[in-house]
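So the structure is just underneath, and the comments pick up after that.
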Amino acid sequence: MSAAPQITREALLAQLRDAVGAAHVLTDDQATRRFRKGHRTGEGPVLAVVRPGTLLEQWKVLQAAVAAGRIVIMQAANTGLTGGSTPDGSNYDREIVLINTLRIAGVQVVRGGEQVVCLPGATLDRLEQTLIPFNREPHSVIGSSCIGASVLGGICNNSGGALVRRGPAYTELALYARVKGDGTLELVNHLGIELGQTPEDILTRLQNGSYTEADVRHEPERAASDARYAQDVRAVDADSPARFNADPSRLFEASGSAGKVCLFAVRLDTFPKEPSTVFYIGSNAPEDLTAVRRHLLTALPRPPIAGEYIHRTAFDIGEKYGKDTFLLIDRFGTARVPAAFALKSRFDGIFERLGMRGFVDHAIQAVTRLLPSHLPRRVRQWRDLYEHHLLVRVSNDQVEATRAFLTKHFAQSTQGGWFECDSDEGRKAFLHRFAIAGAAIRYREVHRSEVEDIVALDIALRRNDREWVEQLPQDVERNVVHKLYYGHFFCHVFHQDYIVKKGVDPLAMEHRMWELLDERRAEYPAEHNVGHLYVAKPALAGFYQSLDPTNTFNPGIGHTPRGRGWQECNHATGGWPKGYSENA
């Protein structure tokens, strides 16, 4: 493979401006900050942030960057939790062109609403709103949608979601570009839609929706969702996790690609919306929740819709430090959240330049502290009574069976209880659960004098693991200010955020945590993908290399090499992880 010609940055910037307009090529540090700094982690310099407004503009930008021999990082909403859509430091061997696709919004309904075609800027919230007239839902309806996550980002990362029946975000129907081993750019149309032959025709017709239902082929050999997950999760005696990012059976072209291709569109299944009821369960005995999980997954005709776990500490941190997120979504809906995050990022940048890092977080926290509690009375009562909390949502045809089981089980348990939520309680309980996800970040920002950083783990336990409550050794416990445990309990996927004491090396702690997880035979990451935090296991690293043999897209992801052609990068400290090979 020969190296691409390195044209000057000025010449490349001129080409990018010709493609999208000067206003959408950002080079100033302040203007690019919110794109090159991750939502939770990761940050680095870029040659430019380019914001195309059409699919054809995205193609032209990609052509210019690839021809110029630059790195390309694809980004949509930049809401990832492991830094996978931003640079990670400055130790790359080529300059970076970051392509942000949020201006290319679009959701096209096909097959009477049973499927959709989503363009790069489509968010989960936009998709959910589009499907309301069809009385259908997307793969995920709350969680990542709360912070404006993109549909295509979920596919690229096999994002898990909270809905038990639907599993990881997955499709085998996608339109994407790849750089082949000889360095040439190729557009691959596996959408199953007739759109023409040339990239220009395909992208323009798709952008404009210039196709008919007759052009949308039925593709029985290609899936548009993970149809087998509902059965996998019900196998509660299986000695392996239900889902995790390195599962080879769920890696296919764009699905799980982590930005190693340039994605233009995906075609996805949608799902009928069902009336549902929420049960709120609390206990001081973990085995109570285990019994609920095992029974409801195996005894009901279909799995519950959702089952979310909250530990009391996570409840408390979320109630205090996630209040603004809760109130924003509760009052204005998820559609306003991305704009609010962007505005906060701008103000954060201004105050950081003034030497006042964290000022906005302190101000928000001071205001929300004065507001009354936002949680329902019975939910707060359960917090005082019980250490472990489980929110279970079932379709209304399963309410009687669920109610009967809970009545019988907790009549025999002395350490737990439950209540059936009204609509307001159920909605707010689930919203509180998802506001917890960002609460540790706020805690860190307002307690900088006491907190070094956050170690955030995303783990999948074996389906038959009854010892799901973690017991940390003393050498780890003493270095933690708070432990936040929450997650998708029926899937046995847990998010474990450790707020690390000042002066403790968070990277060393994370590696120590990995050792403990390996002893438990857990898989990690479970659904947030490797980003720049986790090591990509051999099957996953090999998948990345097969998609991107020149290492043009998102190099270094999963601690893989950052150099051109998957070589060791002279400017980087990385390389293939110990025990891995380039042919893994």
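Residue indices begin at 1 and follow the sequence shown.
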- Query: Does Arg393 count as lying over the ring of Phe430, i.e. NZ or CZ under 6.0 Å from the six-ring centre, within 45 degrees of the axis?
  - Reply: yes

- Under the side chain to side chain donor-acceptor pair (under 3.5 Å) rule, collect the residues that match up with Arg357, sequence neighbours excluded. none

- Please confirm whether Lys260 makes a cation-pi placement over Phe543, using NZ or CZ under 6.0 Å from the six-membered ring centre and within 45° of the ring normal. no

- Message: Taking side-chain contact (heavy atoms from CB on, under 4.5 Å) as the criterion, tell me which of His447, Arg448, Arg442, Arg444 meets it with Asp361.
- Response: Arg442

- Query: Within the side chain of Thr86, is there an N or O that forms a donor-acceptor pair under 3.5 Å with the backbone of Lys37?
  - Reply: no

- Task: Check Ser140 against Leu124 and note the closest heavy-atom contact, atom names and distance.
- Result: O-CD2, 4.2 Å

- Less than 4.0 Å between a side-chain N and a carboxylate O, is that true for Arg512 and Glu515? yes

- Query: Of the non-hydrogen atoms in Leu533 and Leu81, which two are nearest, and what is the gap between them?
  - Reply: CD1-O, 4.1 Å

- Message: Strictly distance-based, threshold 3.5 Å: is any side-chain N or O of His139 a donor or acceptor partner for the main-chain N or O of Gly167?
- Response: yes

- Could you note down all residue pairs passing side chain to side chain donor-acceptor pair (under 3.5 Å) where residues 148-158 supplies at least one of them, sequence neighbours left out? Asn157-Asn529

- Task: May I ask you to check whether His409 and His295 place their ring centres under 6.0 Å from each other?
- Result: no

- Task: State which residues pass side chain to side chain donor-acceptor pair (under 3.5 Å) with Asp348; sequence neighbours excluded, sorted by chain then number.
- Result: Lys344

- Query: Under 3.5 Å, side chain of Asn554 to main-chain N/O of Ile557, donor-acceptor pair present?
  - Reply: no

- Task: Over all heavy atoms of both residues, which pair between Pro45 and Ile96 is shortest? Give the atoms and the distance, please.
- Result: O-CD1, 4.0 Å

- Between the side chain of Tyr92 and the main-chain N/O of Asp88, is any donor-acceptor distance below 3.5 Å? yes

- Verify whether the ring centers belonging to Phe494 and His492 lie closer than 6.0 Å. yes

- Message: If the condition is side-chain contact (heavy atoms from CB on, under 4.5 Å), which residues does Val481 pass it with, not counting sequence neighbours?
- Response: Tyr443, Ile499, Lys501

- Query: For the residue pair Phe315 and Ile310, what are the closest heavy atoms and their distance?
  - Reply: N-CG2, 3.6 Å

- Task: Search all heavy atoms of Ala460 against all heavy atoms of Arg243 and return the closest pair with its distance.
- Result: CB-O, 3.3 Å

- Mind checking whether Tyr309 and His389 have ring centres under 6.0 Å apart? no

- Query: Ser255: what forms a side chain to side chain donor-acceptor pair (under 3.5 Å) with it, not counting sequence neighbours?
  - Reply: none

- Item | Ionic contact status for Asp316 with Arg383, cut-off 4.0 Å | yes

- Do the rings of His374 and His432 sit parallel, tilted or perpendicular, given the 30° and 60° boundaries? perpendicular

- Residues in side chain to side chain donor-acceptor pair (under 3.5 Å) with Arg403, at least two apart? Glu400, Glu420

- Task: Over 60° means perpendicular and under 30° means parallel, so classify the ring planes of Tyr534 and Tyr524, tilted if in between.
- Result: tilted

- Message: Tell me the closest heavy-atom pair linking Phe434 and Ala162, and the distance in Å.
- Response: CZ-CB, 3.7 Å

- Salt bridge present between Arg294 and Asp237 (N-O < 4.0 angstrom): yes

